[in-house]
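Below you'll find the structure I mean.
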Amino acid sequence: MKKPYFLSLTIPYVNASPHIGYALEAVQGDAMARYQRLCGKDVFFVFGTDENSLKNVQAAQKAGKPVQEFVDEHAEAFRELETILDLSNTHFIRTTEQRHVDGSQKLWNLCKKEDIYKKAYRGLYCVGCEIFYAPEELENGLCPEHQTRPDVVEEENYFFRLSSYQKELKQIIGDGLIKVYPDSRKNEMLALIDKGLEDFSISRSLERAHGWGIPVPGDPSQIMYVWFDALTNYLTALDFHKEQSSPYTSYWVQPGEEKREVIHVLGKGVARFHLVYWLGMLLSAGLQLPTSEFIHGYITVDGQKMSKSLNNVIHPKKLVETYGIDAVRYYFLGAISAYQDGDFSDVRFREIYTSHLVNGVGNLTSRILSMIEKYQNNLIPHKADDLFDTVGFWKKYQEAIERFAFHDVVHNIQTLVTALDTTISEEKPWELVRKGQPVEALFYRLSEGLRHLALALLPIMPQTAENILVQLGLDPKKMDVLSVEKEWGRLEPGTRIQRAEEVLFPRLTS
RNA sequence: CGCGGGGUGGAGCAGCCAGGCAGCUCAUCGGGCCCAUAACCCGAAGGUCGCGGGUUCGAAUCCCGCCCCCGCAACCA
């Protein structure tokens with residue numbers, strides 16, 4: 001039986017169309033999911049949409065549409081990322097689904113009674129924005145958006161007693177019971193916990209929420225506020241609401257499994273909610289915790305933060321239309337550090353596209369295949385030993401990808417590309433052929449090396465990788481697990497290559 | 001004294017936690033090759049590793065102080 005592996009992305013608000021920041025997370029999560037699947041695991045990979053927020057209500061009003069209609073349309077735009085970015089997610093969750101409503105209420109009810117209590121919440125509220133402001137956010141005491149004086153509003157809300165879990169959370173994160181990538185985020189969270197955790201509000205009045213959202217169990221005057229209605233998607237996607245066996249049982253609980261694997265992928269902005277609030281909620285409910293959390297940085301555009309006011313927001317759909325899915329995936333995974341903020345610029349994108357993909361992977365593939373075609377009559381010659389230390393290559397590759405260091409993974413792949421290119425230049429097969437000297441061993445090494453390259457590219461650029469495998473005369477559908485495929489010599493002599501007409505990455509014209 | 005991240009050849013970054021020849025990608029210059037998508041390979045130039053001090057045989061790396069940039073600043077995801 002395959003080992004279960006759960007991986008989630010965060011769920012974005014649907015009040016705007018998806019930008020490349022979300023695409024970064026989606027591609028990173030997808031690369032990991034594909035890698036784990038390659039390792040033979042049974043991967044439950046979910047993403048979805050956060051539709052309960054007041055922000056969505058406001059956006060719908062602005063668009064002059066009923067809220068449900070509005071979120072339906074926008075959820076679809078996010079779901080489109082599946083095809084736009086070639087995501088391999090197995091599930092999709094919308095927080096307006098009934099199973100999510102049921103599951104969220106179930107989690108609320110499971111929390112210890114003493115952890116949820118009512119308290120007066122008081123704050124500065126702007127009627128125009130319909131949000132509360134912290135005093136320091138105001139400009140001369142006025143709402144920065146509307147230039148009006150916010151009202152002092154007080155209402156009864158439910159609060160979650162996070163303060164009770166301070167010690168436990170510190171231990172869980174500090175002792176590495178939950179692995180946090182990268183380390184710097186772990187330290188940041190520990191520092192945050194050390195400063196003291198305050199209880200947080202988990203509901204809003206029905207009125208203030210415009211009646212939109214999930215009702216608090218047993219109190220119809222209150223609507224759940226973000227934490228219990230959004231973070232819970234990780235459970236409800238697994239049909240947590242069901243009493244009997246469900247994906248929740250097999251992927252989250254995994255009875256009898258020694259080493260559970262439950263992974264959240266998220267952005268730095270929501271780290272504290274996932275590593276503090278969410279864990280606190282799970283602890284209170286007596287449920288098992290995730291096992292790792294990977295926290296990526298944000299994307300800037302030409303060195304600046306993406307924002308509507310700067311009008312520099314980039315949408316993945318357009319990017320993919322221009323450069324192709326795999327080029328976009330490659331940039332996000334290889335040209336940006338997985339652990340820090342990264343920059344996107346058109347100039348750099350084109351630079352990477354040309355040097356790494358056109359001149360690198362693409363050119364190398366046609367180089368090798370055309371020689372097999374020309375000099376070996378399209379047939380893979382007899383086997384020869386490994387010239388490229390693929391054992392060492394895979395060791396580094398796996399070590400890097402398992403800590404989500406996709407930039408290292410891609411760098412490793414580039415090194416293999418260079419090694420293959422260098423070998424060709426040094427061995428000069430065309431010269432050997434002219435002189436009538438043996439070339440079979442060299443061609444086997446090159447084509448088997450190319451197979452390893454394609455294998456390594458599967459999580460990064462799935463379409464390109466499969467394309468190369470097909471050209472090598474292999475069937476990507478009939479692949480074995482990575483531990484078997486990464487052995488040298490899997491490419492059988494006599495295999496007929498199927499060289500494609502089109503080039504892998506066309507050169508940019510302008 | 002709020003928190004975090006960053007400041008490394010022209011550009012973008014790795015290296016720092018566990019001190020030991022300053023590395024990668026791109027760009028530039030010179031050479032080679034002709035299998036390949038005018039691609040590829042080799043070589044060269046280019047850096048006071050933000051600044052000042054300290055520890056050490058030895059510091060980009062550890063310690064102290066300072067400057068600059070970017071996020072976040074807690075019921076605002």
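Chain identifiers are assigned alphabetically (A, B, ...) following the order of the sequence lines, protein sequences preceding nucleic acid strands; residue numbering begins at 1 within each chain. Computed from a predicted model, the values in this text were never measured in an experiment.
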Residues A:D421 and A:R367 bridged, charged N to O under 4.0 Å: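 Counted as a salt bridge, because a side-chain N and a carboxylate O are separated by less than 4.0 Å.
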Parallel, tilted or perpendicular: ring planes of A:F393 versus A:Y397, cut at 30 and 60 degrees: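 If you compare the ring of A:F393 with that of A:Y397, the planes turn out tilted.
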Contiguous pairing runs of three or more, Watson-Crick or G-U under 3.5 Å, that involve RNA chain B: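 Output for stems: B:2-7 with B:67-72, B:10-13 with B:23-26, B:28-32 with B:40-44, B:50-54 with B:62-66.
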A:H407 and A:Y339 aromatic ring geometry - parallel, tilted or perpendicular at 30°/60° bounds: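 Ring orientation, 0 to 90° scale: perpendicular.
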Sugar-phosphate only, base, or nothing, as touched by A:Y298 at under 4.0 Å among non-hydrogen atoms: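 Touches nothing.
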Touch class at under 4.0 angstrom, heavy-atom based, for A:I368 against every strand present: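 Nothing, no heavy atom under 4.0 Å.
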Evaluation steps, side-chain hydrogen bond (donor to acceptor under 3.5 Å, both in side chains), between A:S104 and A:D229: CA-CA 6 Å; A:S104 297; A:D229 84 34; over 6 Å; no
Nearest-Å distance once atom C1' is located in both B:rC63 and B:rU56: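 That atom pair is separated by 12 Å.
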Summary of protein contacts for nucleotides 39-44 of chain B, nucleotide by nucleotide, where a base hit scores B, a sugar-phosphate-only hit scores S (4.0 Å, heavy atoms): SSS---
Sugar-phosphate only, base, or nothing, as touched by A:G362 at under 4.0 Å among non-hydrogen atoms: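 Answer is base: heavy atoms of A:G362 come under 4.0 Å of a base.
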Same-atom distance (C1') from B:rU8 to B:rC49, integer angstrom: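 Rounded to whole Å, the distance is 4 Å.
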Touch class at under 4.0 angstrom, heavy-atom based, for A:H407 against every strand present: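 Result for A:H407 = nothing.
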Under-4.0 Å side-chain N/O to phosphate OP1/OP2 contact, A:Y13 with B:rA77: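 Checking B:rA77 against A:Y13, a side-chain N or O does come within under 4.0 Å of OP1 or OP2.
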Salt-bridge contact A:R161-A:E114 (side-chain N to carboxylate O under 4.0 Å):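 Judged by the 4.0 Å cut-off on N to carboxylate O distance, A:R161 and A:E114 do not form a salt bridge.
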Test: A:R79 cationic atom under 6.0 Å from A:F92 six-membered ring centre, within 45° of axis: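 The answer is yes, since A:R79 meets both limits relative to A:F92.
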Axial cation check for A:Y277 ring with A:R272, 6.0 Å and 45° limits: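 Judged by the rule, A:R272 and A:Y277 form no cation-pi pair.
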Sugar-phosphate, base or nothing in reach of A:F273, heavy atoms under 4.0 Å: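 Result for A:F273 = sugar-phosphate.
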Gap in Å between the two C1' atoms, one belonging to B:rU37 and one to B:rA14, rounded: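 So the two C1' atoms sit 30 Å from each other.
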Sugar-phosphate, base or nothing in reach of A:A230, heavy atoms under 4.0 Å: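 The answer is base, as A:A230 lies within the cut-off (heavy atoms under 4.0 Å) of a base atom.
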Side-chain N,O (A:R348) to OP1/OP2 (B:rA27) below 4.0 Å: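 A:R348 to B:rA27 OP1/OP2: no side-chain N or O under 4.0 Å.
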Distance between P atoms of B:rU48 and B:rG2 (Å, rounded):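 So the two P atoms sit 34 Å from each other.
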Touch class at under 4.0 angstrom, heavy-atom based, for A:K268 against every strand present: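 Touches sugar-phosphate only.
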Whole-Å P distance, B:rA73 and B:rC64: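 About 28 Å, rounded to a whole number of Å.
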Sugar-phosphate, base or nothing in reach of A:D50, heavy atoms under 4.0 Å: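 It contacts base atoms.
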Phosphate OP1/OP2 of B:rG32: any A:K428 side-chain N/O under 4.0 Å: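 It does not, given that no N or O in the side chain of A:K428 lies less than 4.0 Å from OP1 or OP2 of B:rG32.
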Pairwise C1' distance, B:rC51 and B:rC67 [rounded to whole Å]: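 Comparing C1' positions in B:rC67 and B:rC51 gives a spacing of 7 Å.
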Partners meeting ring-ring contact (aromatic ring centres under 6.0 Å, His included) with A:F404 (sequence neighbours left out):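 A:F404: ring-ring contact (aromatic ring centres under 6.0 Å, His included) contacts with A:Y181, A:F294.
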Pair A:Y234, A:H274: side-chain N/O donor-acceptor within cut-off below 3.5 Å: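 Note: A:Y234 and A:H274 side chains meet the donor-acceptor criterion.
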Any donor-acceptor N or O pair under 3.5 Å, side chains A:R208, A:N157: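 Note: A:R208 and A:N157 side chains miss the donor-acceptor criterion.
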